[in-house]
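Labels below follow one simple rule: chain letters A, B, ... track the order of the sequence lines, proteins then strands, and each chain is numbered from 1.
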Amino acid sequence: MFRDVNSRAKFPELETRILDFWKQHDIFAKSVAQRRDGPEFVFYEGPPTANGRPGVHHVLARVFKDLFPRYKTMKGYRAERKGGWDTHGLPVELEVEKELGLTSKRDIEAFGVAEFNARCKESVFRYVQDWEKMTDRIGFWIDMTDPYVTFHNSYIESCWWILKQLWDSGLIYRDYKVTPHCPRCGTSLSSHEVALGYDEADDPSVYVRFRLLPGQTSPAAALTDALASDRPVSLLVWTTTPWTLPANVATAVNRSAAYALVESVGADGQPEYLVLAAARVEAVTGGRVLATFPGADLLGLRYAPLFPPASEPDQPAWRVVAGDMVSGPALDDEPAKPFVSLDDGTGIVHLAPAYGAIDLEVGRAENLPLIHTVDLKGEVTGVDPAFDGRFVKDADPLIIDRLRERGVLYRSERYRHRYPFCWRCSTPLIYYAKASWYIRTTARKAELLKNNSQINWYPEHIKEGRFGNWLANNIDWAFSRERYWGTPIPIYLCDSCGAYDCLGSLRELEERSGRDLKDLDLHRPYVDEVTIACASCGGTARRVPEVCDAWFDSGAMPVAQWHYPFENEETFRKKFPADFICEGIDQTRGWFYTLLAESTLLFDEPCYRNVICLGLILDGKGEKMSKSRGNVVDPWSVLNVQGADALRWYLYTAAPPGNARRFSAELVDESLRKFLLTLWNTYAFFVTYANLDGWTPGSEPGQRSDLDRWVLAELHRTVQTVTERLDHYDPTDAGRAIEAFVDRLSNWYVRRSRRRFWKSENDADKAAAYATLYECLVTTAKLLAPFTPFLAEEVYQNLVRTQDASAPESVHLCDYPVADERWIDRRLLDDVALVMRIVGLGRAARAKANLKVRQPLSVLYVRPKTVDEEAILRRLGTQITEELNVKRLVVVHDAGELFEYRIRPTFQVLGPRLGKAVQAVAKGLEEIDAAHAVQVWQGGGTVTVAGHAIGAGDVVVTAVQRPGVVAAEEDGYVVGIATDLTPDLIAEGQAREIVHLIQTMRRNAGFEIADRIETVIAASPALAAVVDRFAEYIAGETLSVQLGPGEATDGAYRETHTIDGETITIAVRRV
RNA sequence: GGGCCUGUAGCUCAGGUGGUUAGAGCGCGGUCCUGAUAAGACCGAGGCCUCUGGUUCGAGUCCAGACAGGCCCA
């Protein structure tokens, strides 16, 4: 006996029961251990941060991460899954700052770095239980007992080792980088934070004269002449940040744009010359244009600094350079794009490399000096006693005054535009060049590209598209952060000689410091207290203050999760590279990149072979789900109602993984009804009847019917498709194939086989039906195990484990099904597809004629397309006649007697052959005698249309009905029904109607399927005659041990109905 | 401003290598079937296949451009 199955499934309940079962019997561990000698399937878990509650978008990634290791395990692979947590970084610090009410680095340091970091450490696992609960509930099998944690000393030490390798290869350097900086908080902001704080700002807009040194020459003769004259010649420059002018070291022009030499009058009333873009003359100065020349003619000219610094800079400054974009699309054959705009300003751009990203890039390319005239608090320093110590925005008016005094201010206005402010404290941000540590990834760009070419990306376009482009435009990785909660950078600076050194292990630190550091927490501030002896001069060297970008940590995961190379060497080798990783598309510049970058720099190998890149989950309105937008759907709202399998199935099959997808509980519900319930009911049907019959699996059935062989062909074909698709990391098409199979199993196989299960004789055909359905259900459960692990387990436990104690303890310990080609009878598959099609057309014809299926009909006419199909119809005709409730199937050759023809050209054939003439033939075919043409074609001849010989293969002949017959037609197939009804047919229809009524009454009365009943019928004379004539049939169908006319007895269940306008009262009673 | 992706029925999605009648599910209206089914079948309404050009005898499909949305980066 099987356990009885309630057809009303409660999946969430069932799932929690299964979870208990897995835990009690340690199934996950067993599933891995069982394959310990199998080939490795390596999965890397991209570590989540547990300082926020998980949302549906996290569930998405986790269910895809779960599927493949489960699948590979069932395929015999050893698929261990080590969990991990990402714990460092600015987001963690910001959370803690908020809690503690700290708003700047000064605050943090006053609070105490040790305590601050302790709070950070505590906060990262704040929601770890939520994560574990969610992970457990969705059935994501991952080993969380021994996860890697990025703040562990062992993890940090591996990161040190990596940095040391890079250091030794000369890939680490220190340089300036311009970042948005909040002068009040004393920290840089990420681009995301900057985006939060844009607002309108009212800034100065000033035009300033940069006086060219006299006597210089230019290819532009007019300019040379002007410079030789006694009048001053100035470049006219526009800026909205006067405070950056003291840091000016160059001006940039567009080398191919036209520039003008304009006659003007200076502040002192004396004549002067100005230079600016010709396109801007009208808007800015007006005045007489003496000459125009390309910007290139200005290159190299030198001018007097506005605010000469105390000491001469090392590199030549105050000259005109080309305003070419120095980075950006680095495709060699593409010319650099100029950044100098001709839409506003003067076409001459002031460059202060200390305070602008482009400025700094150009500065590097042009070997310009970098002058700082503002400190990190945003206060001017070392320029002029009048504004030194002033905040930059307060210094602006004073600087403008000074320019005016010197006669170099041309014009001053106000300018309203969008400007970034600190999202926390509303202080205007300044762009500020700060020293950062860089990894020279650009030195390994070719290797990065080469290694990327070895990775399979799903979807494929990411490889050459988003990710490939990112790699092609690679810039060096600024990996240092002037923060607290992170992996400390193990670089040491000597107090005495200024030499840098990098350490690669705790042991090295012990040796160089001469201290026992076994119990040292490697975080700040503890590690900062350890000084080492300088290798070059023996002086004291201290660690630099920065910590690593948290992305460096996660990219180190293939190495650091094992504390390689300090231990687990063998494990590391076995688990490198990963066969499979899976994350959201937002990780292209995140984890996908840092993993590849670090493994390329260390080993010149990719560390993952296959990667599924998931699209984003959007809310009902199509917007990204994110905490800041407050539109995150709580996964529990779905898990508690529809269940984990429903959610999983929806996520796998609704859309390809790479697509962005909208998410709503309704869509999950649909997925549940469409698929899970269909399967569940098929399963419940099987168990109900198998238990009634006492059927048990075991013996091989002798004779399988066509229907059985057909469904097994479908099953094995499905196994084949699913396996093939999963091997290509495509769970969507794999799942859809299973869904299609279950639909056919339920709505064709079971539907067609139902009577075989009812028949009371325990004959061979029935045994075959049971065995076949059983095999389909058990195999489907195994196929589904990686997708819907709960339902698969439930079905397996009841169908297999209750019968066979020696079977594997869980479906997840089974082997994945393997398709048996011998079962895949392609002809049979096609044949049944034809039968289904004919039945569909037959139903359509019935509907058109308004003749319900319960009414038997005498003849069904079918016009197949080929002789082969005619044979099929003869062989499988019973399927059709039964399904359509007709007495006879008549194959029609010459459909002309029933139908009129319509002839359509087959363009696929005629197009290539006739070219343009095809349209004339198409027109001609509309006018020929169709019946005649069809006869000719049936005889193998051709008909001449518009001068071309047209054969049977060139056209599709369809037919439309004639009076007397109701027909439906599709794609050349025609099915018609004869609509005439004889009294016999009518009576039989009424008998069926009565059976249907009694069956419905049995259900309404709450009888069990196998209950025997007594049936008493009071009816009009005509219906009574029908009951009498079909008494045996009606009694047999309804399990009536007695059936006859009369009045209802007490305790009987009674209903009154009308059939064809006549009254019938039926009473049933259980015996 | 740059890169990538996506635009097909009210909603969610299919539509190798171009073929003239663009499909499915949900939802809607109707009919039917059913002693497994919360299911299923059939009919119907519902489509400028985002738009504009081009290539072609023929374009949802190929090309170019535009528009809209999404993401990433400036």
Side-chain angles (χ1 to χ4, degrees), chain A residues 5 7-9 191 327-329 337 339 357-358 459 461-462 464-470 472-473 584-590 615-616 618 620 622-624 650 653-656 658-662 664 666-667 669-674 676-689 732-733 736 739 743 746-748 750-751 754 757-758 839-848 850-854 883 885 904-912 914-922 958 968 970-971 995-996 998-1004 1007-1011 1037-1039:
Chain A
V5 175
S7 64
R8 297 270 188 272
S191 58
S327 70
K337 280 191 209 150
F339 62 82
I358 291 175
H461 63 77
I462 307 280
E464 300 300 333
R466 188 179 282 214
F467 195 69
N469 286 338
W470 164 250
N473 295 326
I585 193 168
D586 49 325
Q587 296 297 329
T588 27
R589 283 120 208 265
L616 287 147
L618 309 173
E623 285 190 344
K624 181 183 177 175
Y650 169 72
T653 58
N659 285 16
R661 65 187 79 206
R662 293 187 188 202
S664 69
E666 290 70 39
L667 290 168
D669 220 43
E670 187 184 320
S671 169
L672 170 80
R673 282 203 309 271
K674 176 90 185 80
L676 295 184
L677 283 177
T678 305
L679 177 60
W680 184 263
N681 285 315
T682 308
Y683 160 64
F685 170 86
F686 170 82
V687 169
T688 304
Y689 283 92
T732 304
D733 282 346
R736 286 173 176 176
E739 193 163 277
D743 184 63
S746 170
N747 289 317
W748 189 258
V750 173
R751 179 188 170 81
R754 218 164 6 205
F757 295 99
W758 293 342
V839 167
L841 286 169
R843 278 199 267 259
R846 270 186 171 276
K848 264 192 220 170
N850 204 17
L851 286 167
K852 56 189 178 182
V853 178
R854 243 180 265 131
E883 190 65 22
N885 194 18
R904 309 188 73 86
T906 304
F907 286 93
Q908 291 97 313
V909 176
L910 291 174
L914 303 179
K916 272 184 199 189
V918 75
Q919 303 298 358
V921 170
T958 59
E970 182 184 71
D971 193 26
V995 168
H996 171 64
I998 297 173
Q999 301 288 38
T1000 307
M1001 284 175 65
R1002 287 179 57 109
R1003 183 156 46 172
N1004 293 344
F1007 298 165
E1008 295 300 319
I1009 288 172
D1011 285 343
E1037 290 294 308
T1038 59
L1039 300 184

Between B:U6 and B:A74, how far apart are the two P atoms, rounded to whole Å? 24 Å

Sugar-phosphate only, base, or nothing, as touched by A:Pro912 at under 4.0 Å among non-hydrogen atoms: base

Taking atom P in both B:G3 and B:C42, compute the distance separating them and give it to the nearest angstrom. 48 Å

Distance, C1' atom - from B:U37 to B:G47, rounded to whole angstrom: 33 Å

Can you tell me how far C1' in B:U31 sits from the matching atom in B:G19, rounded to whole Å? 36 Å

A:Tyr689 side-chain N/O to B:A36 phosphate OP1/OP2 under 4.0 Å: yes

Rounded P spacing from B:C71 to B:C13 in Å: 16 Å

Distance check: side-chain N/O of A:His996 vs OP1/OP2 of B:U34, anything under 4.0 Å? yes

Please list, pair by pair, any protein nitrogen or oxygen found under 3.5 Å from a nitrogen or oxygen in nucleotides 4-7 of chain B.
from : atom 1 : to       : atom 2 : distance (Å)
B:C4 : O2     : A:Arg466 : NH2    : 3.3

Separation between the P atoms of B:A14 and B:U50, rounded to whole Å: 14 Å

When the C1' atoms of B:A38 and B:G25 are considered, how many whole Å apart are they? 16 Å

In whole angstroms, how far is the P atom of B:A39 from the CZ atom of A:Arg751? 15 Å

Name the orientation class of the two ring planes belonging to A:Phe757 and A:Phe685 (parallel below 30°, tilted from 30 to 60°, perpendicular beyond 60°). perpendicular

Return the nucleotide paired to B:A41: Watson-Crick means purine N1 to pyrimidine N3 with N6-O4 or O6-N4, wobble means G-U with N1-O2 and O6-N3, both under 3.5 Å. B:U31

Under 4.0 Å, heavy atoms only, any strand: does A:Phe1007 hit a base, just the sugar-phosphate, or nothing? base

Roughly how many Å apart are B:C5 and B:C49, using the P atom of each and rounding to a whole number? 24 Å

As its Watson-Crick or G-U partner within any shown strand, both distances under 3.5 Å, B:C49 has none

Give the ring-plane orientation class for A:Trp680 versus A:Tyr683, where under 30° counts as parallel, over 60° as perpendicular and anything between as tilted. perpendicular

Under a 4.5 Å cut-off applied to non-hydrogen side-chain atoms, are A:Leu616 and A:Ile585 in contact? yes

Does a distance-only test, which skips hydrogens and angles, find a donor-acceptor pair under 3.5 Å between the side chain of A:Ser746 and the base of B:A36? yes

Which nucleotide, in any strand shown, forms a Watson-Crick or G-U wobble pair with B:C26, with both distances under 3.5 Å? B:G10

Quick check for you: among B:C57, B:A36, B:C73, whose closest atom lies nearest to any side-chain atom of A:Arg589? B:C73

Answer for the Watson-Crick or wobble partner of B:A59, both distances under 3.5 Å, is none

Just to be sure I understand the rule, does A:Arg854 reach a base, reach only the sugar-phosphate, or reach nothing, if contact means heavy atoms closer than 4.0 Å? sugar-phosphate

Salt bridge check: are A:Glu883 and A:Arg843 linked by an N-O gap of less than 4.0 Å? yes

Kindly point out which of B:U37, B:G40, B:C57 is positioned nearest to the side chain of A:Lys674? B:G40

